[in-house]
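Everything below concerns the one structure shown next.
Reckoned from all heavy atoms, side chains included, excluding hydrogens, waters and symmetry mates.
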There are 4 protein chains.
Amino acid sequence: MAYDPFHILRCAHAELHVTNLERSRAFYDMLGFVVTEETPNQLFLRGVEERVHHSLVLTQADVPTVAHLSFRVESDDDLENLYEFYVKRGCRPRWREAGEERGQGRALLVQDPFGFPVEYFAQMEQVQSYHQLYHLHRGGAVRRIDHFNCFMPDFDNAFTFWTKEMGFVLTEYVESDDEPREMSAAWLHKKPSVHDLAMMKGDGPRVHHVGFWMEDMTSIIRVCDILGGAALHEHIERGPGRHGISNAFFLYLRDPDGHRIELYTSDYLTIDPDMEPIRWSSTDPRRQTLWGHKTPDSWWQEASAVLDLETGRPFDQQAAGGVERLKDFIK
Amino acid sequence: MAYDPFHILRCAHAELHVTNLERSRAFYDMLGFVVTEETPNQLFLRGVEERVHHSLVLTQADVPTVAHLSFRVESDDDLENLYEFYVKRGCRPRWREAGEERGQGRALLVQDPFGFPVEYFAQMEQVQSYHQLYHLHRGGAVRRIDHFNCFMPDFDNAFTFWTKEMGFVLTEYVESDDEPREMSAAWLHKKPSVHDLAMMKGDGPRVHHVGFWMEDMTSIIRVCDILGGAALHEHIERGPGRHGISNAFFLYLRDPDGHRIELYTSDYLTIDPDMEPIRWSSTDPRRQTLWGHKTPDSWWQEASAVLDLETGRPFDQQAAGGVERLKDFIK
Amino acid sequence: MAYDPFHILRCAHAELHVTNLERSRAFYDMLGFVVTEETPNQLFLRGVEERVHHSLVLTQADVPTVAHLSFRVESDDDLENLYEFYVKRGCRPRWREAGEERGQGRALLVQDPFGFPVEYFAQMEQVQSYHQLYHLHRGGAVRRIDHFNCFMPDFDNAFTFWTKEMGFVLTEYVESDDEPREMSAAWLHKKPSVHDLAMMKGDGPRVHHVGFWMEDMTSIIRVCDILGGAALHEHIERGPGRHGISNAFFLYLRDPDGHRIELYTSDYLTIDPDMEPIRWSSTDPRRQTLWGHKTPDSWWQEASAVLDLETGRPFDQQAAGGVERLKDFIK
Amino acid sequence: MAYDPFHILRCAHAELHVTNLERSRAFYDMLGFVVTEETPNQLFLRGVEERVHHSLVLTQADVPTVAHLSFRVESDDDLENLYEFYVKRGCRPRWREAGEERGQGRALLVQDPFGFPVEYFAQMEQVQSYHQLYHLHRGGAVRRIDHFNCFMPDFDNAFTFWTKEMGFVLTEYVESDDEPREMSAAWLHKKPSVHDLAMMKGDGPRVHHVGFWMEDMTSIIRVCDILGGAALHEHIERGPGRHGISNAFFLYLRDPDGHRIELYTSDYLTIDPDMEPIRWSSTDPRRQTLWGHKTPDSWWQEASAVLDLETGRPFDQQAAGGVERLKDFIK
């Protein structure tokens with residue numbers, strides 16, 4: 001059986017610090033999120049399929065950062081084990097009591113060894129699914145959260161950490177053709193989809209994007225039309241298109257603070273334990289978009305800073321190897 | 001050149017008498033009509049693509065009927081010619097002054113020789129298209145009116161009237177296999193689509209349905225999901241499916257008064273003058289739905305009465321030939 | 001953690017006995033299956049996404065039955081445990097050596113306590129995915145197997161068996177409103193979708209259908225059009241439509257021997273362990289089709305016999321309670 | 001009534017000179033054209049909806065050019081009138097006898113005053129529609145021809161020619177914001193769609209692209225996937241996307257000789273005579289793609305030479321005003 005020490009089930013939600021909550025709300029409304037709850041400085045959102053309190057939290061702040069990325073585990077016992085694990089790794093995890101994050105049970109929050117603010121929890125308040133309340137769907141009717149994608153400067157160690165220590169499974173990766181072959185991006189899953197967490201070698205720690213599952217290609221195109229129709233087309237950064245990697249049909253948006261959201265659908269089932277990871281050459285233009293489309297520079301270069309849980313400021317970033325780093329990417 | 005005495009451009013709008021305007025409004029809202037104007041007892045609706053004041057009028061009344069079916073002609077001269085024509089045919093056309101129907105220029109209203117209340121006009125107020133205001137689209141975002149379909153008891157004479165006298169062109173028809181062959185339904189066009197007016201042999205005069213054009217199959221299915229999600233599924237009468245006749249993807253709905261609306265997309269261009277009409281055998285199950293689906297009895301039997309312009313009551317109906325008539329249809 | 005004694009991963013494939021292999025091949029070709037291998041009397045098929053040797057086996061035989069339903073487990077150790085389990089349950093499992101079924105590792109085959117011929121295996125030969133070879137896709141381009149659905153006369157005991165002993169998890173169910181409430185259908189999953197196995201109370205053991213995952217609604221409609229266009233519309237039994245239960249968009253087909261195939265897409269993720277099963281009243285018309293469509297009698301009444309592994313003949317069937325049984329279903 | 005001197009019905013077909021007929025055939029096969037007829041050096045293609053002999057002719061030649069653009073008129077009388085008209089305009093029209101172009105009746109071929117090789121005909125052989133033979137559809141199943149788009153250096157005179165003399169109607173146009181306002185592109189129709197002929201100010205005479213109508217967005221995306229899957233992604237030049245102008249969903253491809261093909265769907269009905277042309281500012285990024293996407297330089301700069309009917313060589317080109325010309329386009 002696969003090594004699964006902490007019974008991480010899936011990527012579960014992200015908290016984004018935004019500088020103008022009303023402006024952000026208008027943007028996420030267009031994508032079709034359902035508002036579960038709002039407070040003067042927070043908005044708790046979920047997709048139409050989801051029956052849990054939130055998969056996206058927007059928090060009013062002075063500086064836009066990703067405040068945390070959260071994974072769901074099976075039980076509170078797993079949280080205890082994670083606490084011990086992170087302490088041994090030299091991190092300073094701290095407990096969040098049930099309700100400290102609205103709708104959520106007891107949780108563990110930690111700046112991980114690579115600088116990412118990561119949260120784990122086992123319990124979340126159940127709410128009504130809007131899945132079949134089609135008359136209440138709006139915009140693109142985002143279905144559910146799907147994955148996180150992060151720039152990691154210490155790529156090789158981070159890859160080992162997430163696969164060997166956390167028990168994530170590799171599905172696809174990008175590698176140089178030159179010897180010694182060097183991996184520059186990896187897609188890792190817990191739930192049996194292509195990924196819960198993708199990592200790309202790059203300056204960081206930074207969060208490249210949060211991905212949400214959509215019903216189909218048409219609902220993704222509808223979001224383009226809605227943003228275009230409202231003259232908000234500048235939020236569209238890349239796509240729609242078909243990824244070579246993952247096979248997903250995708251669209252990348254930038255929210256009003258520059259946080260990147262991917263709308264994503266149609267990858268594949270990865271439950272068979274003997275599935276071979278798919279290798280993509282870093283020189284294959286179809287890995288990014290199967291149709292050969294160029295990826296814009298902003299997509300390669302820009303990403304969200306993450307929150308330093310100690311200081312409340314953006315976490316200091318490290319370079320991933322300067323210009324050399326990008327030569328595998330930008331072709 | 002095709003015989004085109006009155007320069008009829010296209011089917012243009014229908015006025016439906018409804019018994020509860022608010023209830024009807026809620027229903028048509030779900031389909032995604034845009035409200036152009038409302039008065040205490042009328043609602044003027046259009047599709048998102050349309051730039052004219054209305055393609056559907058709902059009028060509060062005691063009895064649900066179709067108050068008129070309206071065709072657009074090229075110029076006011078055509079209206080004069082139509083006036084003379086109908087007088088010669090023994091009808092009693094009357095003029096409606098500009099604005100008598102809101103947003104509409106001078107119009108001619110007549111109970112035609114087969115009992116249908118038909119209107120012609122050349123001018124209508126221009127309004128903003130919502131076509132690219134995708135952020136304002138709701139429900140199925142109905143695009144535009146497409147056609148009328150009527151039960152006509154005196155089928156053969158009505159067919160001659162519309163093709164030989166009004167200049168409509170036959171695209172498809174249903175015919176018995178037995179000799180003498182008998183036509184029982186016909187699709188006639190002015191604009192170069194499959195039809196502006198379909199006629200089916202049946203008790204009448206009755207209006208079987210008003211058809212509206214939709215963006216694609218997905219938007220039609222969305223209407224099903226919206227009605228199902230809102231527990232208003234009883235408004236769905238037939239479909240979605242693919243017609244053999246016309247090739248259109250379709251859905252039939254019944255509004256709160258029983259008026260039938262077809263959502264329709266994907267027929268074909270009929271501009272070439274030498275296109276041969278397509279014959280369907282009345283025993284071919286694929287003519288109704290290419291997938292072989294049975295058509296429900298209600299679809300064959302029920303239709304809207306039309307308004308008697310003299311009495312303001314439903315127009316008296318004639319039988320089309322009793323049970324015999326239906327033997328070609330219901331297979 | 002969920003009780004998971006045998007590490008069953010997912011429903012994996014079905015073997016269907018068919019009476020004319022060429023005729024069946026032509027039918028499954030239209031759905032877009034990929035042929036992995038053929039022998040004089042067998043055809044091994046898979047969906048375009050699948051990387052394993054087969055998810056559907058067609059075997060030439062005199063009588064059309066379902067020869068077995070196969071589940072994949074994590075390891076050969078699980079097979080040993082299953083062997084012991086079934087022996088204790090009084091069944092007569094037998095080993096199939098690697099390659100006895102082409103492309104498959106060692107497998108366990110057993111007539112289960114409810115009469116179903118069930119197989120378990122852990123290893124299958126890897127083959128090329130056609131997922132991104134879009135230029136080679138045909139017909140509806142079936143993606144992958146999704147689930148089995150069976151008529152079970154001894155419903156309550158079978159439900160206990162699959163949930164308590166085999167570790168399947170309930171997602172949705174149908175129940176009478178009258179006291180004592182009686183469950184008449186249940187959807188059970190191992191992979192985190194709505195189901196790997198659905199059970200309906202009914203005469204059996206019989207297999208109601210095998211479900212395959214499709215890309216989207218459009219690809220399902222394409223299959224309707226292909227069958228209609230080829231005048232093979234009689235293979236279409238029910239749909240397309242939207243299930244209330246599971247939310248899936250569906251189409252039911254009958255293959256040339258009457259085996260029922262469901263094309264299925266757009267259910268939801270069921271990985272969260274605290275997800276409450278969804279209850280549907282047996283009087284709610286939307287449970288079957290959210291749009292309120294009636295289900296044809298054939299769908300309620302007809303299903304495939306299963307193979308008696310001892311005799312090689314169809315397994316003897318038991319009634320599920322006569323006419324009374326159907327009163328919960330047919331509304 | 002609209003001025004309609006020659007009863008031009010619609011754009012009808014293009015003949016493309018290609019340098020490797022087999023290679024071109026493989027490309028157009030992927031788009032889903034139906035082959036009506038082939039000779040050693042010609043291929044006659046049509047869309048699945050079309051019932052006429054061809055809408056695209058590929059002819060083996062040494063140099064890739066557009067050999068002619070063909071419009072259908074109502075009757076042979078119109079051809080006589082066109083003959084006289086072109087002679088008066090100082091052109092040298094010549095008659096092509098029935099069958100000189102396979103499947104076509106008598107035709108008039110002329111190098112028009114702006115250097116374009118234009119053909120008119122009234123009769124074409126009827127062939128079977130593949131519209132409902134869905135089981136025979138391949139690739140994107142191109143439906144029918146929709147329009148031509150040309151670079152015209154003498155834009156203002158060409159615009160006057162096509163609108164005032166040929167009777168085409170303006171639907172949308174691009175204009176500078178500076179005074180004096182200058183029109184740089186125009187969409188003109190005969191059939192009631194957005195266009196049969198678009199003209200853009202630019203070096204020429206050159207044909208920018210030939211547009212074909214597609215069923216829906218999904219069938220256009222399927223073409224992208226097919227080309228990507230076959231590693232023929234370099235044929236994809238621009239899109240898919242939504243035009244601001246015309247509202248169409250589009251994809252631009254380059255065939256093996258560089259001829260540009262647009263796959264196009266979802267514009268709107270233009271039959272009402274009082275429809276106001278839509279003005280787009282040349283600085284509005286949404287006119288090209290509603291979603292704000294940049295148009296690649298190749299799309300602005302490259303186009304097909306046209307055939308000089310006298311010499312059989314590419315027609316000499318004129319500049320449209322040098323770099324100045326492009327400042328209105330490339331923003």
Side-chain angles (χ1 to χ4, degrees), chain B residues 1-2 4 7-12 47-52 72-75 77-78 105 122-126 129 131-132 134 143-146 190-193 196 213-219 242-247 249 265-276 278 286 290-291, chain D residues 1-2 4 7-12 47-52 72-75 77-78 105 122-126 129 131-132 134 143-146 190-193 196 213-219 242-247 249 265-276 278 286 290-291:
Chain B
M1 287 188 60
D4 187 23
H7 307 110
I8 297 172
L9 294 170
R10 61 176 181 92
C11 92
V48 297
E49 176 188 320
E50 293 176 308
R51 305 188 204 167
V52 290
R72 185 164 185 172
V73 297
E74 281 199 3
S75 72
D77 288 349
D78 297 315
Q123 305 290 335
M124 183 167 277
E125 185 183 328
Q126 299 285 303
S129 167
H131 202 176
Q132 295 192 316
Y134 288 101
R143 288 272 298 256
R144 63 174 183 260
I145 194 167
D146 189 79
K190 287 299 300 182
K191 73 177 179 303
S193 65
D196 289 276
W213 186 263
M214 301 291 286
E215 163 69 20
D216 57 13
M217 301 187 298
T218 305
S219 62
R242 168 87 58 199
H243 285 312
I245 295 163
S246 83
N247 187 58
F249 192 82
T265 193
S266 194
D267 62 0
Y268 56 88
L269 187 67
T270 59
I271 207 166
D272 287 355
D274 57 353
M275 246 179 187
E276 284 296 314
I278 297 175
R286 297 194 304 159
L290 187 68
W291 312 336
Chain D
M1 287 188 59
D4 187 22
H7 308 110
I8 297 171
L9 294 170
R10 61 176 181 92
C11 92
V48 299
E49 175 187 320
E50 294 176 307
R51 305 188 204 167
V52 289
R72 185 165 184 171
V73 297
E74 281 198 3
S75 72
D77 288 350
D78 297 315
Q123 305 290 335
M124 185 169 275
E125 185 184 326
Q126 299 284 303
S129 168
H131 203 176
Q132 296 191 318
Y134 288 101
R143 290 271 299 254
R144 62 174 183 261
I145 194 166
D146 188 78
K190 287 300 300 183
K191 73 176 179 305
S193 66
D196 290 276
W213 186 264
M214 301 291 287
E215 163 69 19
D216 57 11
M217 300 187 298
T218 304
S219 62
R242 168 88 59 201
H243 284 311
I245 296 163
S246 83
N247 188 58
F249 193 80
T265 194
S266 194
D267 62 0
Y268 55 88
L269 187 67
T270 58
I271 207 166
D272 286 356
D274 58 353
M275 243 179 188
E276 285 295 314
I278 297 175
R286 297 194 304 159
L290 188 67
W291 312 336

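Interface remark: of the candidates B:Glu49, B:Glu50, B:Met124, B:Glu49 forms the most heavy-atom pairs closer than 4.5 Å to chain D. Per-residue counts of heavy-atom pairs under 4.5 Å with chain D were compared for B:Glu276, B:Met217, B:Gln123, B:His131; the largest is that of B:His131. The choice from B:Asn247, B:Val52, B:Thr218 that makes the most heavy-atom pairs within less than 4.5 Å of chain D is B:Asn247. Considering only heavy-atom pairs separated by less than 4.5 Å from chain D, the leading option among B:Ser266, B:Pro273, B:Ala122 is B:Ser266.
With a threshold of 4.5 angstrom between heavy atoms, D:Leu290 approaches chain B through side-chain atoms but not through N, CA, C or O. For a residue to count as touching a neighbouring chain, one of its non-hydrogen atoms must lie under 4.5 Å from one of that chain's; by this rule D:Asp274 touches chain B with backbone and side chain alike. Both the backbone and the side chain of D:Leu269 come within contact range of chain B, with heavy atoms under 4.5 Å apart. Interface remark: D:Arg242 contributes side-chain atoms only to the contact with chain B (heavy atom separation under 4.5 Å). No part of B:Asp146 comes within reach of chain D, as not one of its non-hydrogen atoms sits under 4.5 angstrom from that chain.
A distance of 15.0 Å separates CZ of D:Arg286 from NE2 of D:His243, quoted to the nearest 0.5 Å. From B:Phe249, atom CZ reaches atom CE of B:Met214 across 10.5 Å, with rounding to the nearest 0.5 Å. Note that CZ of B:Arg143 is 7.5 Å distant from OG1 of B:Thr265, once rounded to the nearest 0.5 Å.
Residues B:Lys190 and B:Asp4 form a side-chain contact, since some pair of their non-hydrogen atoms from C-beta on lies under 4.5 Å apart. Between B:Arg51 and D:Ile278 there is a side-chain heavy-atom pair separated by less than 4.5 Å.
Each of B:Lys191, B:Gln126, B:Arg10, B:Glu74 was compared with D:Asp272 under the side-chain contact (heavy atoms from CB on, under 4.5 Å) criterion, and only B:Arg10 meets it.
Side-chain N or O atoms of D:Asp267 include none that pairs as donor or acceptor with a backbone N or O of D:Ser193 at under 3.5 Å.
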